[in-house]
Amino acid sequence: MSNRLRFAPSPTGYLHVGGARTALFNWLYVRRYGGQFLLRIEDTDQARSTEESTRAIFEGLRWLGLTWDEEVTHQGANVERHQADARQLLALGHAYRDFTPPEQLDRLRKEAEARGEAFRFDRRLAELPPDDVKRRLERGDPYAIRFRVPDGETSWDDLVHGTITFPNRDIDDFVILRSDGSPVYNFAVVSDDVAMRITLVMRGDDHISNTPKQIMLYRALGAELPRFAHLPMIHGMDGRKLSKRHGATAVGDYQHLGILPSAMNNFLALLGWSPGGDREVMTMAEMIELFSADGLLAKASIFDPKKLEWMNGQHLSRTSAAELDPIVRPLVIQAGLAAAEELEARRDWWLHLLDLLRVRARTTHDIVRQAATYFADGAQYDADAVAKHWKDRAASADTLAAVHARLSETAWNAPVLEEALRKLSEELGVSTGKVFQPLRVALVGQLASPGIFDVLSVLGRERSLARIRAAIDFLRAD
RNA sequence: GGCGGUAUCGUCUAGAGGCCCAGGACACAGCCCUCUCAAGGCUGGAACACGGGUUCGAAUCCCGUUACCGCUACCA
């Protein structure tokens, strides 16, 4: 039988990194072992669910490349089935009507708490004799439907935790259908997972305690049990549950921070999974190949943005300029560095520049920032760069004048330029740095840049000479 | 409170009884390479939560303690 896995977020916010990782593992499992990866939006909670959140989830998943099979299921559309399933359990005697007003339950709970006791739901008080039920039904009294928790114990073999067992006596008869006819989470999930023929439920381990209830529900419904895998949580650097206080928690945030989808997936995959050995930087294809449920970890992990950045830098330097182009080009246009037509017209030049910048960037933003000067008319001199390498203005101007003269008569390609400038510094009797550094400032205005000969090539003869000229003028002014 | 889960460097992790006085990566510090910055290379500090067992031998198995997390709703 083929695997059917699902990711079932509730649309009450953005796609959280924890949710994204759950989705990733489900997706990876299906890609590795075959089957379908389904998406179900748990929008039963009308009050908190929003269209916007649903869209954000779709967007986040698409950005990560975690595409799903078949139509998206909306839990809210299945309420009739949930109700029918509840009626079936009622008919089978696995559930009963509870006419106890919620307020009364609330009061009892509070009283027990005040006495320092644990509140236990008492079936004997709630389950009325048939005649009473009939009378109340005729009267139209509201009631909730409660599941009758059987005696014994419930256990399952979790793919990440091994065997987990719960004594049923610790679980109160729980509501499956509210008095307004809406299904309660644990019940809707089971009804939907059965209907979707899910074979492996892979989700956060905050659902471990829900699992025995759900297993009892499967059995009462006469449905085949899926397998379960409970993934550990992801926490913030302070070890607490990841929240707004930790800064970026939505995958969309990282997209805007200049993180590559492949890096995000790679980083997330390593929180809670290990391919074994020292393997760290992986492409999606490699992750699929290496993925195994055996490598799933049980310990909660902490989200370290620093390592994500490093990972992104690794992906940036392993992704070709041509592949990066569709991601970075829009950013360059958006930053107002160049028009779309201009980039298209100078495609080769642009890819060359991108190739030089990607290896020393950690985010796509770094690339855009560093690219600016190559699109500008002239260099903007950074104060620190000037202070450091143009300290002696007259001497710097003389050096640049010598460079200008030499370069004016040199063929324009990196090896030849290098030979010419090294020879020049030898003739001037100074170290290459004494020539290259002032030149770098003249060319890009910054302390850091790609190798100076690469900069000369990518800038081209005309612009390079013009910038050197401008720097000399600048240094000799006043 | 009850029940359940988890526990290796600050962080992510390797480790499935001897290969481990614990390996890799991020971060940090230093050095090297070098035209700068990255990258890369080398070096350094840094961990098996605690206590009992089992065993010739335990980071690895068992029990307890502690800490953290989750569930305990007519929330999801």
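Just so it is clear: chains get the letters A, B, ... in the order the sequence lines come, proteins before strands, and each one is counted from 1. On a predicted model such as this, the values are computed, not experimentally measured, just so you know.
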Could you go through nucleotides 29-31 of chain B and list every protein N or O atom that sits under 3.5 Å from one of its N or O atoms, giving the distance for each pair?
none

* Touch class at under 4.0 angstrom, heavy-atom based, for A:G162 against every strand present -> nothing
* Atom C1', compared across B:G45 and B:C28: separation rounded to whole Å -> 9 Å
* **Whole angstrom value for the distance that separates C1' of B:C26 from CG of A:N266** => 13 Å
* **Inter-nucleotide P distance (B:A29, B:U13), Å rounded** => 24 Å
* Return the value, rounded to whole Å, for the distance between atom CD1 of A:I302 and atom P of B:C9. => 11 Å
* To do: Determine the interatomic distance between P on B:G18 and the same-named atom on B:A59; round to the nearest Å.
  => 11 Å
* Asked: Applying a 3.5 Å limit to both distances, which nucleotide forms a Watson-Crick or G-U wobble pair with B:C75?
  -> none
Listing time: all N or O pairs from protein to nucleotides 40-49 of chain B that are below 3.5 Å?
from  : atom 1 : to     : atom 2 : distance (Å)
B:G40 : OP1    : A:Q314 : NE2    : 3.4

* Do NZ/NE/NH1/NH2 and the carboxylate oxygens of A:R422 and A:E426 come within less than 4.0 Å? -> no
* Asked: Which side chain to side chain donor-acceptor pair (under 3.5 Å) pairs, counting each pair once, include a residue from residues 351-361 of chain A, with sequence neighbours left out?
  -> A:D355-A:R358
* Asked: Is any side-chain N of the basic residue among A:R107 and A:E103 closer than 4.0 Å to the acidic one's carboxylate O?
  -> no
* Report the distance from atom NZ of A:K434 to atom P of B:C35, rounded to the nearest whole Å. => 13 Å
With a cut-off of 3.5 Å and sequence neighbours excluded, list every side-chain donor-acceptor pair involving residues 446-460 of chain A.
from   : atom 1 : to     : atom 2 : distance (Å)
A:S449 : OG     : A:R440 : NE     : 2.8
A:S457 : OG     : A:F453 : O      : 2.6

* Asked: Are OP1 or OP2 of B:A27 and a side-chain N or O of A:R362 less than 4.0 angstrom apart?
  -> yes
* Scan residues 289-304 of chain A for pairs that pass side chain to side chain donor-acceptor pair (under 3.5 Å), counting only residues two or more places apart or in two chains. => none
* To do: Kindly state each residue pair satisfying side chain to side chain donor-acceptor pair (under 3.5 Å) with at least one member in residues 144-153 of chain A, sequence neighbours excluded.
  => A:D98-A:R146, A:E127-A:R148
* OP1 or OP2 of B:U36 less than 4.0 angstrom from a side-chain nitrogen or oxygen of A:R360, does that happen here? -> no
* Considering only the P atoms, how many Å lie between B:C19 and B:C26, rounded to the nearest integer? -> 27 Å
* Could you give the CG-to-P distance, from A:D304 to B:C9, as a whole number of Å? -> 15 Å
* Asked: Between A:S274 and A:A448, which is nearer to the 5' end of RNA chain B once each is assigned its nearest nucleotide?
  -> A:S274
* **Contacts of type side-chain hydrogen bond (donor to acceptor under 3.5 Å, both in side chains), residue A:N413, not counting sequence neighbours** => none
* Paired with B:C26: which nucleotide, if any, by Watson-Crick or G-U wobble criteria at under 3.5 Å for both distances? -> B:G10
* Structure fact -> Applying side-chain hydrogen bond (donor to acceptor under 3.5 Å, both in side chains) to A:D398 and not counting sequence neighbours gives A:R476
* To do: Would you mind reading off the distance between A:F303 atom CZ and B:U13 atom C1', rounded to a whole angstrom?
  => 16 Å
* Asked: Between atom CG in A:L439 and atom P in B:C35, what is the gap in whole Å?
  -> 14 Å
* Asked: Rounding to the closest angstrom, what is the interatomic distance between B:C50 and B:A67 at atom P?
  -> 15 Å
* Spell out protein contact along nucleotides 67-76 of chain B as letters: B when the base is contacted, S when just the sugar-phosphate is, - when no protein heavy atom is under 4.0 Å; keep the 5' to 3' order. => --SBSSSBBB
* To do: Sequence neighbours left out, what passes side-chain hydrogen bond (donor to acceptor under 3.5 Å, both in side chains) with A:K307? Give chain and number order.
  => A:E280
* Take the protein atom CZ of A:F267 and the nucleotide atom P of B:A25, then report the distance between them rounded to whole Å. => 17 Å
* Asked: Whole Å only: how far is the CE atom of A:M216 from the P atom of B:G4?
  -> 14 Å
* Side chains of A:D192 and A:H82, donor plus acceptor under 3.5 Å -> yes
* Asked: Using a cut-off of less than 4.0 Å, is there contact between a side-chain N or O of A:K299 and OP1 or OP2 of B:U8?
  -> yes
* Complementary nucleotide of B:C56, counting Watson-Crick and G-U pairs under 3.5 Å -> B:G18
* Of the listed nucleotides B:A27, B:U36, B:C35, the one nearest the side chain of A:S449 -> B:U36
* To do: Record whether the side chain of A:K307 comes under 3.5 Å of the base of B:A27 through a donor-acceptor pair of N or O atoms.
  => no
* Asked: Base, sugar-phosphate alone, or nothing: which one does A:L308 contact when heavy atoms must sit under 4.0 Å apart?
  -> nothing
* Span that lies between the C1' atom of B:A14 and that of B:G41, in whole angstrom -> 23 Å
* With the side chain counted from C-beta on, respond yes when A:L200 and A:L159 share a heavy-atom pair under 4.5 Å apart, and no when they do not. => yes
* To do: Could you measure between the two C1' atoms, the one in B:U54 and the one in B:G17, and give it in whole Å?
  => 11 Å
* Looking at every strand, decide which applies to A:I452 at a 4.0 Å heavy-atom threshold: base, sugar-phosphate, or nothing. => base
* Asked: Distance between the C1' atoms of B:U43 and B:G57, in whole angstroms?
  -> 34 Å
* Determine whether the side chains of A:R40 and A:S10 contain a donor N or O and an acceptor N or O closer than 3.5 Å. => no
* **Under 3.5 Å on both distances, the Watson-Crick or G-U partner of B:C33** => none
* Structure fact -> By the Watson-Crick or G-U definition, both distances under 3.5 Å, B:C68 is matched with B:G5
* Structure fact -> Sorted by chain and residue number, the side-chain hydrogen bond (donor to acceptor under 3.5 Å, both in side chains) partners of A:R203 (sequence neighbours excluded) come out as A:T211, A:Q214, A:H230
* Structure fact -> By salt bridge (Lys or Arg N to Asp or Glu O under 4.0 Å), A:R219 pairs with (sequence neighbours left out) none
* **OP1 or OP2 of B:C35 under 4.0 Å from side-chain N/O of A:R422** => yes
* Using the closest heavy atom to pick a nucleotide of RNA chain B for each, name whichever of A:G276 or A:P167 lands nearer the 5' end. => A:P167
* Donor + acceptor pair across side chains of A:T363, A:N312 (<3.5 Å) -> no
* **A:E280 side chain, from C-beta outward: closest of B:G1, B:A25, B:G4** => B:A25
